[in-house]
Structure formats: structure tokens, C-alpha cells
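Below is one structure, written out as C-alpha cells; the observations come after it.
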Amino acid sequence: MSALRVHRVRLGDPHVERAWRRLQDAGHVDTPFLSWQWASALRDVPELVEDAGVLVAWRSDDVVGLLPLERTTLDGRRVLGVIGWYWVGPDHTDVVAAPDDRAEVAAAMLAELARTPGWDVLDLDGLNPDGALAAAVDAAFPRPRFVVRPTEELPISYVPLDGEILSGHGRKQVRKEIRRAEAAGGAFSLVTDPDRFPALLERMMDLHVARFGDRSRVFASPARRRFHQLAAARLGDAGLVRLHELRVGPEPADAAAITYTLAWRGSLLFYSGGLRTDIGMTPGFSVRAQAMLAAAEDGFTEVDLLRGDHGYKERFRAEVRSDVRRRVARVNAGLVRTVAARGARALAGRARDKVSALRPAPAPSRTNLS
């Protein structure tokens with residue numbers, strides 16, 4: 001039996017903030033998506049996290065571990081995941097705890113979830129593959145009460161900054177586009193002043209939504225935009241945000257591309273961006289390349305392009321490493337109904353295929369015989 005006690009508390013509990021800040025100040029938060037600044041911004045837009053809380057692990061009277069979780073209903077099933085998992089896209093997640101405590105904390109937290117009703121699917125999407133949480137899933141959810149899906153790999157591209165970032169042709173293209181922008185009164189700029197973030201982020205989000213429309217979830221509502229403004233301001237106050245802008249003219253409205261990145265332990269994480277597609281350039285590629293060059297000059301060791309299948313990533317000299325997704329289904333009446341319905345649909349589909357295969361081919365038309 002674990003010596004730890006685990007309870008679920010509100011994200012706004014003042015004990016959570018104190019413990020979180022203490023663990024983060026000690027270097028025990030491995031991703032900005034589990035930073036207190038990120039979590040507190042979610043807390044302060046309550047309509048986004050109506051059913052969220054934090055698992056807290058105590059050893060005696062000391063908080064030694066935290067894990068923020070959110071429950072939502074998808075396709076009629078109650079799905080539990082790391083806070084913001086289904087729209088904000090947190091990567092590299094694990095429990096928040098000192099390295100020596102993580103295995104025990106993860107095991108205790110998942111054991112508590114296994115005992116706790118109120119969810120049908122646990123979707124741990126974007127886990128650190130070497131983390132304690134990813135490793136603890138199989139032992140915590142035994143059959144026949146649970147079904148653990150096979151581990152899914154989530155490939156992520158990383159660009160080392162100690163060598164060539166892009167090809168010679170790519171460098172030539174970027175220089176040409178920067179000169180073209182400067183000739184029109186524009187320029188590339190790196191912005192780290194939080195006072196300038198609100199206007200830049202609004203323009204970036206407008207560009208992003210204009211390009212992707214309904215496919216864009218991350219900035220899809222005023223509440224989600226408000227969250228990103230809060231998170232960027234709080235992370236920016238700690239020097240953890242870098243915005244990059246490429247203008248093709250002298251005015252703010254001339255922004256051709258804006259990239260939003262997070263700085264964490266020597267890595268620069270490319271979170272999102274927006275760009276124009278009507279100016280006969282590739283501003284998104286150019287602004288990202290310039291952002292990488294600026295990061296290299298400032299001592300960053302690599303750029304983390306995060307998950308997602310985006311064509312621009314192939315233009316950089318990147319190496320691929322993977323996060324993982326671990327999913328668990330609780331065996332209950334809802335799961336049985338879902339499996340039965342899927343099985344029935346599959347059988348019906350196979351039956352239709354067989355009927356189609358047995359039908360005689362249509363006779364050729366006279367036109368085809370002529």
C-alpha cells in the first residue's frame with residue numbers, strides 16, 4: 001500500500017497554488033502546459049473548466065504531487081484527461097512532483113482514479129513517454145474491470161540549434177523574403193515585452209481563425225482567447241513567452257505572420273501562429289526560421305515543434321521523438337452498449353459488402369460495344 005493520501009480538490013483551492021508554486025520553483029514542472037501560470041489562467045476562465053479539479057498527493061502533511069484533470073462528455077461518454085486535453089493540446093505531461101517521488105505519486109493517483117466512479121474513459125493524451133504517469137497505467141487498471149488500449153505514439157519534431165537549422169536553399173529564401181519585407185517598410189521582430197502581447201496575440205488569433213475556420217479549436221471562442229491572453233501575460237512576466245512578427249509594411253495591420261512560442265528549460269516550444277496566404281510569400285516559414293535563429297543567438301539548445309502533421313516541419317533539419325497517448329475504458333453498461341453498437345455496424349457493413357460482391361456485373365451498354 002502507498003504511504004500517500006490522494007484527494008481531489010478544486011483548482012482554486014489556495015493550498016493548491018502554494019504547493020504548485022513551491023514544486024515549480026524547485027524545478028519539478030517539466031512542461032509549460034503544467035506550469036502554475038498555465039493552470040491558473042484556466043482556473044480564471046471558469047466556463048472552460050466547469051468540471052475540473054486537481055488530484056493532490058500528501059505524504060503526512062506535505063503536498064508531494066499534483067495532477068490537474070478535467071472531465072467532459074464526448075459521444076455520450078464521460079471522458080477524463082489532463083486539464084485542457086481536448087482543445088488546448090498539452091504535450092510532455094506527467095505528474096507534478098519531485099523526480100524521486102513521481103513513480104509513487106503516479107501509482108497512487110491512478111489507483112485513486114481506479115477506485116473513483118464518475119468517468120467512463122481516461123484519455124491521457126500527450127504524456128512524456130519516459131514519465132511516471134505513462135509507466136503506471138497498466139498496473140493501475142487491471143482486467144476485467146478496465147480495458148487498457150495499446151500505447152499510441154505521437155511523433156514530435158525537434159530542431160537542434162547547434163548546427164544547420166535549414167537547407168541552403170531555405171536560408172536563401174528566408175533572406176530574400178526578409179529583404180522584401182524591409183524594402184516595403186516592414187521587418188522581423190522578436191517581442192518579449194508582455195505589454196505588447198495582447199494586440200499581437202489578437203492579430204495572431206484573427207489570422208489563425210481566418211485561415212482554418214471551423215478546424216481551429218484552440219482559439220474558437222472568446223473564452224478560449226481570454227485564456228490565452230491570461231496565460232501569455234503570466235508566463236511572459238516570468239520571461240517564458242517569445243512572440244515573433246513579420247510585417248510586410250510599416251503598420252500593425254501589415255503583419256504577415258505571427259508566431260507564439262513558449263520558453264522552457266533551454267527549449268523553445270512553437271505553440272501556434274497565424275499568417276496571411278494572399279501576399280505571394282511564405283511568411284510562416286520565414287518567421288519561424290528567423291525565430292529559430294534568434295533563439296540560437298539567445299542560447300536556446302533546441303526548438304520543439306510540438307505535435308501535429310504540418311508540412312512546414314519537413315523544411316527544417318529536425319529529429320523526431322514521440323510523446324505517447326494512454327487510454328483506459330472502464331467496463332460498464334455504457335462500454336458494453338458502445339462495443340455492441342460498433343460490432344453491429346461492422347457486421348452490417350461486411351454483410352453489405354458480401355451482397356455487393358454476389359450481385360452480377362451489369363451488362364455492357366451498346367455504346368461500350370461500338
Side-chain angles (χ1 to χ4, degrees), residues 24-38 41 90-92 156-168 170-179 181-182 186-201 203-204 228-229 231-247 252 255-275 282-308 310 312-313 315-321:
Q24 184 167 327
D25 290 345
H28 301 328
V29 176
D30 290 342
T31 174
F33 305 117
L34 287 177
S35 66
W36 172 247
Q37 292 93 332
W38 192 268
D91 284 342
H92 318 320
I156 295 175
S157 296
Y158 295 82
V159 180
L161 297 180
D162 58 353
E164 287 192 342
I165 294 171
L166 64 164
S167 67
R171 290 194 299 272
K172 182 178 179 180
Q173 178 183 342
V174 170
R175 287 195 296 268
K176 178 181 177 181
E177 292 202 346
I178 296 298
R179 286 196 299 268
E182 291 172 343
F188 167 82
S189 59
L190 163 65
V191 180
T192 58
D193 179 1
D195 289 341
R196 295 184 58 193
F197 290 174
L200 270 176
L201 283 172
R203 286 200 295 275
M204 184 204 77
H228 282 290
Q229 290 284 9
R234 292 171 188 180
L235 287 164
D237 284 340
L240 300 173
V241 170
R242 293 160 69 97
L243 292 175
H244 313 86
E245 180 186 31
L246 179 61
R247 289 189 189 178
I258 301 171
T259 295
Y260 172 30
T261 66
L262 306 174
W264 201 260
R265 296 186 180 177
S267 293
L268 191 66
L269 290 74
F270 274 40
Y271 182 71
S272 192
L275 60 91
T282 56
F285 173 66
S286 296
V287 78
R288 291 184 183 103
Q290 288 297 109
M292 292 182 189
L293 293 171
E297 290 179 1
D298 289 342
F300 287 84
T301 58
E302 70 175 7
V303 166
D304 178 349
L305 298 179
L306 300 174
R307 77 175 90 178
H310 305 100
Y312 81 85
K313 296 178 181 180
R315 304 188 67 179
F316 295 100
R317 297 193 184 280
E319 58 187 52
V320 176
R321 307 193 293 269

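Any value given below was found using the heavy atoms of this structure, including those in side chains, with hydrogens, waters and symmetry copies removed. Quick caveat: nothing in here was measured; it's all calculated off a predicted structure.
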Item to check | Check: Leu190 and Gln290 side chains under 4.5 Å, non-hydrogen atoms | outcome: no
Checklist entry - Should Leu306 and His92 count as side-chain neighbours, where that means a heavy-atom distance under 4.5 Å? => result yes
Hey, does the side chain of [X] reach the backbone of [Y] with a donor-acceptor pair shorter than 3.5 angstrom?
| X | Y | value |
| --- | --- | --- |
| Arg242 | Ala291 | no |
| Ser286 | Ile178 | no |
| Lys313 | Ser157 | no |
| Arg171 | Leu166 | yes |

Search all heavy atoms of [X] against all heavy atoms of [Y] and return the closest pair with its distance.
| X | Y | result |
| --- | --- | --- |
| Gln229 | Pro198 | NE2-O, 3.0 Å |
| Phe197 | Val191 | CE2-O, 3.7 Å |
| Ala181 | Arg247 | CB-O, 3.3 Å |
| Asp91 | Thr31 | O-OG1, 3.1 Å |

Item to check | From CA spacing to verdict: ring pair (Phe, Tyr, Trp, His ring centres under 6.0 Å), Tyr312, Phe285 | outcome: CA-CA 7 Å; Tyr312 81 85; Phe285 173 66; 8.4 Å; no
Item to check | ring pair (Phe, Tyr, Trp, His ring centres under 6.0 Å) assessment of Tyr271 paired with His228 | outcome: CA-CA 11 Å; Tyr271 182 71; His228 282 290; 5.6 Å; yes
Item to check | Distance in Å, Leu268 CG paired with Asp304 CG, rounded so as to fall on 0.5 Å steps | outcome: 9.0 Å
Checklist outcome for this item: Rounding to 0.5 Å, atoms CZ (Arg317) and OG (Ser167) come to a distance of 6.0 Å
